[in-house]
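Hydrogens, waters and symmetry mates are skipped; everything else that's a heavy atom, side chains included, is used. By convention in this document, chain letters (A, B, ...) are assigned in the order of the sequence lines, proteins followed by strands, and residues within each chain are numbered from 1.
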2 protein chains.
Amino acid sequence: MAKQGQWVLVKLRQMIMSGDLAPGTRIAEIPLSEQLGVSRTPVRLAFRTLEQEGLLQREGRRGFSIRKVGEKEIRDAVEVRGVLEGLAARLVAEQGLSKKGRAVLLECLEKGDTLFSKGTITEEDMSSYHDLNMVFHQTLIDLADNSALSLAVARNNHLPFASYSSIAVDLKALDREFMRLKLAHMQHHILVDALERGQGARAEAVMREHAYAGALYFEMFWGNRRRYGDVTFITAAAE
Amino acid sequence: MAKQGQWVLVKLRQMIMSGDLAPGTRIAEIPLSEQLGVSRTPVRLAFRTLEQEGLLQREGRRGFSIRKVGEKEIRDAVEVRGVLEGLAARLVAEQGLSKKGRAVLLECLEKGDTLFSKGTITEEDMSSYHDLNMVFHQTLIDLADNSALSLAVARNNHLPFASYSSIAVDLKALDREFMRLKLAHMQHHILVDALERGQGARAEAVMREHAYAGALYFEMFWGNRRRYGDVTFITAAAE
DNA sequence: ACTCGACAAATTGGATCCAATATAATTATA
DNA sequence: TATAATTATATTGGATCCAATTTGTCGAGT
């Protein structure tokens, strides 16, 4: 696909991920192609791609809409993420942790240690933690060296909350966030320890729990949105 | 998508799955649209869809090609299948086995028992076994009631050997095939027992081993193709 | 025999148009 | 006023064309 086609795809994905196009919003080829200043062809192809990814759904002759994602679907996806990342952890432990991979993971741990050693956390710290969290998880997946797994993880990651590319934080309760992220960070430590010891079952178990911990937090927010106020998503840049 | 577009997609997928278009074969929009008697537009869309599914790969200005799948990729996919179906088994055991679901699974077990009670197996028996195997596995996935899981399984199933929709059999060694399939069938029995008892960990473990057993067989064939002669794939009808 | 350059052919990406069909809006009728 | 019928509009699917770019072929020169 050429540059313009790629641009349309990325642009549309951005509009969805950023909330400019909210879930349930209807979109159609002609108005969007006019808005983006291109012909219908690249828009049509982008629609198909994003439909196949699960971000859009077809509304027949009314066009397409941004697919709404319910609570159960997110929970389902977290469950799948848990077993997939658990598999990654087990594979890495079984294969042995390479020097290079170990170095990357240790660097993430050290950075996190530095962040949490202050006893408090700022919004900027959150962003830093998010970056290192992404590097950590992606490194683990890459180290597993299983193409089907990498693909399955990527495909499962299109939902907020279900993916390590997006963490939800309550900026009005930073002390609580501090404790929560520190716990997640300790789980990273435990994982690396298990990997170094070649303990596959332990590594798998801690990664599964790691995913569930994220799901538990999601449930707190989702079920009590009024009580917990506004939530900020720190997300990955659009692909 | 309209009927013609769907037809082109299904047709092309059939041509790939059946081997009419062999791995590595180059295909392009214009010749294929002429061959199928349609314009380029539906062919273009089908190419994109199948590219996204992983069946085609882009060759730049030389068009597309049927993607070759190597041994490791298949093994990787079996590994992922193992943990996904293991998750399905665990979820079903945790949720409790419904009457309806139990009835379907038990019917599959009974049919299998009848097949294997003869002490020998014919090619037609193989086909029957394949059908009930598919129903069994798909029922399990459906009973898990996890949308992300169903999607992940479906997406992982595009490779032969890695999917329960395709089993490889050596028609020249039916006694050996009998024993192998009987073992797989016994694993189905064990799974249902675990489900009925609500034993999540046991259910998960037997399903994982079930997938690995298929992978082991694949390795026997792949590594010794000369020795084992021709292999017949009994596959699902194209979707 | 090999290499290079010119030209032709092949291929995709995008634009535009037409047809079919569903949806929405308007008008007529009870 | 409410409902049904009619008309207008919106939308996708497919066909066709043009442009850009890559790839392949052929001929000439060394």
Please lay out, stage by stage, how A:Leu195 and A:Leu140 fare under the test side chain to side chain contact (heavy atoms under 4.5 Å, CB included). CA-CA 10 Å; A:Leu195 296 181; A:Leu140 179 70; 4.0 Å; yes
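- Contact check for B:Leu36 versus B:Val8: side-chain heavy atoms found under the 4.5 Å cut-off.
- Between A:Ile27 atom CD1 and D:dA10 atom P the separation is 18 Å, expressed in whole Å.
- Toward the 5' end of DNA chain C, the nearer of the two residues B:Ile30 and B:Thr41, judged by each one's closest nucleotide, is B:Ile30.
- Residue A:Phe64 contributes atom CZ, which lies 12 Å from atom P of D:dT11 at whole-angstrom precision.
- Applying the side-chain hydrogen bond (donor to acceptor under 3.5 Å, both in side chains) criterion to A:Arg26, with sequence neighbours excluded, gives no partner residue.
- The aromatic rings of B:His137 and B:His210 sit parallel to each other, their planes meeting at less than 30°, with 60° as the upper class boundary.
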Taking N or O atoms only and anything under 3.5 Å, show me the protein contacts with nucleotides 19-24 of chain D, one pair per line.
from, atom 1, to, atom 2, distance (Å)
D:dG24, OP1, B:Arg62, NE, 3.1

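- Looking at A:Val104 and A:Phe136, their side chains never come closer than 4.5 Å, going by heavy atoms from C-beta outward.
- Here chain A contacts DNA chain C (any atom closer than 4.0 Å to a heavy atom, that is under 4.0 Å), and the contacts span C:dG13 to C:dA24 from 5' to 3'.
- Taking 4.0 Å as the cut-off between side-chain N and carboxylate O, B:Glu79 and B:Arg75 do not count as a salt-bridged pair.
- With respect to B:Lys111 and B:Asp131, no salt bridge is recorded, no charged nitrogen being found less than 4.0 Å from a carboxylate O.
- Between B:Arg67 and B:Glu73 there is a salt bridge, with a side-chain nitrogen of the basic residue lying less than 4.0 Å from a carboxylate oxygen of the acidic one.
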